[in-house]
Amino acid sequence: MAGGTAAGTPSRSDRVLAIIGPTASGKSAVALGVAGRAGGEIVSADSMQVYRGLDIGTAKPSPEERHRIPHHLIDVADPAESFSVATYQSLARQALRAINCRGRLPVVVGGTGLYVRALLYDYDFSPPGRDPALRSELEEQAGSAGPPALHCRLRQVDPQAAARIHPNDARLIIRAIEVWETTGKPLSSTWGFLEPLYDALIIGLRLSRDEMYRRIDERVDAMVAMGLVDEVRRLVALGYTTALVSGQALGYKEMVGYLDGSTSLEVAVAAIKRSTRNYAKRQMTWFRREQGVVWLDGPGSEGGPLVDYILGLAAAKWGQSY
RNA sequence: GCCGCGGUAGCUCAGUUGGUAGAGCAGCGGACUGAAAAUCCGCGUGUCGCCAGUUCAAUUCUGGCCUGCGGCA
C-alpha cells in the first residue's frame, strides 16, 4: 500500500518548501543554504540518489553536508533493487510528516519530476506493483508482434488509458495492461483531478540553455576528476549491471562501455555529457507545466542571494521569520 | 610527382541509371501515475568542394582546380 500508513498520511497544514529545476541548476546548494538557515531538513526527490554506492555520478550530497543538515530519501535502496515512485511516495510522505511534527521545515529538492508531483499531489498508487512474470511475457509480445498490437489489446480493456498512451510506448502500455490483468480494473480508473496535499511553496530554478549545457559539461568533467571511473568499476565488480534500474543512471551506463574496452574514455565522457543534456531538456519539459511554481534565475549557490530571497518568500507565506 | 578513394544538413554517412536530395546522431518542441537519469512522439533547403563545358535541365556526365586520406615513388 502506497501512502496508506498512518505515519505517512499528510496533513494539509504540513508545510513544505520544494526546490525544483534541471540538473546542474544549483538547487542542492540553494537547498543547503535554505535548510541551514531555516532549521530545515532536506528530502531528496531523485530517482537515482536513492541507490547506495551511486555517489559521484548522481551528485549526491557529501558526508559532511549530510552530517550538517539531515537528508532523507538518499541511500534507501540497494542498486540491485528496482525502486519505484510508489515506494518513494510512501517514504517521502512519512518523512514530511515527521519533519513537520518536529517543528522543522522540510525542503524537498530534486530533479525527478514524477517523484515531486507524486509527493505533492494525491497521485493514486493503490493498484499492485510489478508482476515480473506477466511483464516479461508482455515484453516478449511487444518484441515479436510490436507495441501497437499490445496497444490494440489495451484499447479493448481501457480505452481511456489507450488514448493517452502512444501505440509505440511499450513500457507504458505494459504497465496499463498489467494493472488490468492483476486487478480487473482499468488503470485509468485511478486517474482523476490531482489535489495538492501540502501547504507548499514551490521554487523553480532555471538557466539559459547555453549556461545549462556549459555547466553540465563542467560538472561531468568534475565528476571524472573526482573518481567516477573508479566508482563505476567498483559497482561493476560487485556484480551490478546496466540491466538494473540503477545501472541506467547517467554516467554509469556510458562508463561501462569504457570499462569493458568498447570505447575510449573520451568517447564515454562525451556520451555522458550528451545524455545529461538530453535529460536536462526533458526535465525542463516536465517542470514547465508544473503549477504554482515561482521561477527564479539560477544558478543557485549555498550562500548566494537566492537563499535570502527564498527565505523572504517563505517568511511572507507562513508569517514567520526564517 | 604518380595511382586509388573521398569532399552532400552542426557531425557520421546514404542517394540521385541527369529532372536541385534523405537517414542516424545532435538541436528544438512535446507527452509521460509503479524502470521516470526510464520510455515514447513531432519538427530536415542544405551555394550536394570550386570553376568551366555538354544538355531544355547537372549535385548526378566531361575537363580543370582546390582539399582530405591511403598506396607507389
Side-chain angles (χ1 to χ4, degrees), chain A residues 1-3 22-24 44-51 54 57-60 77 79-91 110-132 134-136 139 142 147-148 150-151 158 160-161 163-179 182-183 186-194 209-210 212-213 216 219-220 223 242-255 267 270-290:
Chain A
M1 278 301 280
T23 188
S44 167
D46 185 301
S47 68
M48 289 298 164
Q49 289 187 0
V50 299
Y51 294 110
L54 280 69
T58 63
K60 209 175 271 178
E81 291 177 51
S82 293
F83 198 76
S84 82
V85 218
T87 308
Y88 175 79
Q89 184 190 53
S90 173
L91 295 175
T112 304
L114 179 62
Y115 281 22
V116 174
R117 208 177 281 168
L119 174 58
L120 266 24
Y121 294 86
D122 62 340
Y123 267 56
D124 179 4
F125 291 117
S126 61
R130 308 177 181 85
D131 180 332
L134 178 59
R135 273 199 189 189
S136 53
E139 276 161 17
L150 282 182
H151 187 262
D158 188 352
Q160 277 193 61
R164 268 168 68 165
I165 301 173
H166 187 96
N168 283 341
D169 201 339
R171 183 165 294 184
L172 300 186
I173 295 167
I174 287 171
R175 159 85 297 225
I177 293 178
E178 180 179 49
V179 170
T182 55
T183 67
L187 172 64
S188 59
S189 70
T190 66
W191 296 347
F193 290 109
L194 296 174
R209 198 53 67 88
D210 284 351
M212 188 167 87
Y213 287 175
I216 285 170
R219 191 156 85 152
V220 170
M223 286 174 178
T242 54
L244 296 164
V245 173
S246 62
Q248 288 298 301
L250 295 171
Y252 297 86
K253 57 172 178 263
E254 298 87 351
M255 203 55 94
V267 168
I272 295 170
K273 290 175 178 173
R274 174 175 47 70
S275 44
T276 304
R277 284 187 232 113
N278 294 163
Y279 170 55
K281 192 166 126 34
R282 267 179 278 136
Q283 287 179 299
M284 284 312 297
T285 298
W286 181 287
F287 289 139
R288 265 196 288 255
R289 70 194 314 239
E290 206 62 45

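Naming convention: chains lettered A, B, ... in sequence-line order (proteins, then strands); numbering from 1 in each chain. Atom set for the values below is all heavy atoms of this structure, side chains included, hydrogens, waters and symmetry mates excluded.
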Reckon [X] touches a base, only the sugar-phosphate, or nothing at all at heavy-atom distances under 4.0 Å?
| X | answer |
| --- | --- |
| A:Y213 | sugar-phosphate |
| A:K253 | sugar-phosphate |
| A:G192 | base |
| A:L194 | base |
| A:G57 | base |
| A:R175 | base |
| A:T112 | sugar-phosphate |
| A:T58 | base |
| A:R289 | sugar-phosphate |
| A:R282 | base |
| A:E254 | nothing |
| A:Y88 | nothing |

Practice item. Using distance alone, with no hydrogens and no angle criterion, decide if A:R219 and A:T23 have a side-chain donor and acceptor under 3.5 Å apart. Key: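 Note: A:R219 and A:T23 side chains meet the donor-acceptor criterion.
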Would you say [N] has OP1 or OP2 under 4.0 Å from some side-chain N or O of [X]?
| X | N | result |
| --- | --- | --- |
| A:N278 | B:G27 | yes |
| A:T285 | B:G30 | yes |
| A:N168 | B:U39 | no |

Distance check needed: [N] [atom2] versus [X] [atom1], whole Å only.
| X | N | atom1 | atom2 | result |
| --- | --- | --- | --- | --- |
| A:H151 | B:A31 | NE2 | C1' | 13 Å |
| A:D46 | B:A36 | CG | C1' | 11 Å |
| A:Y279 | B:A36 | OH | C1' | 8 Å |

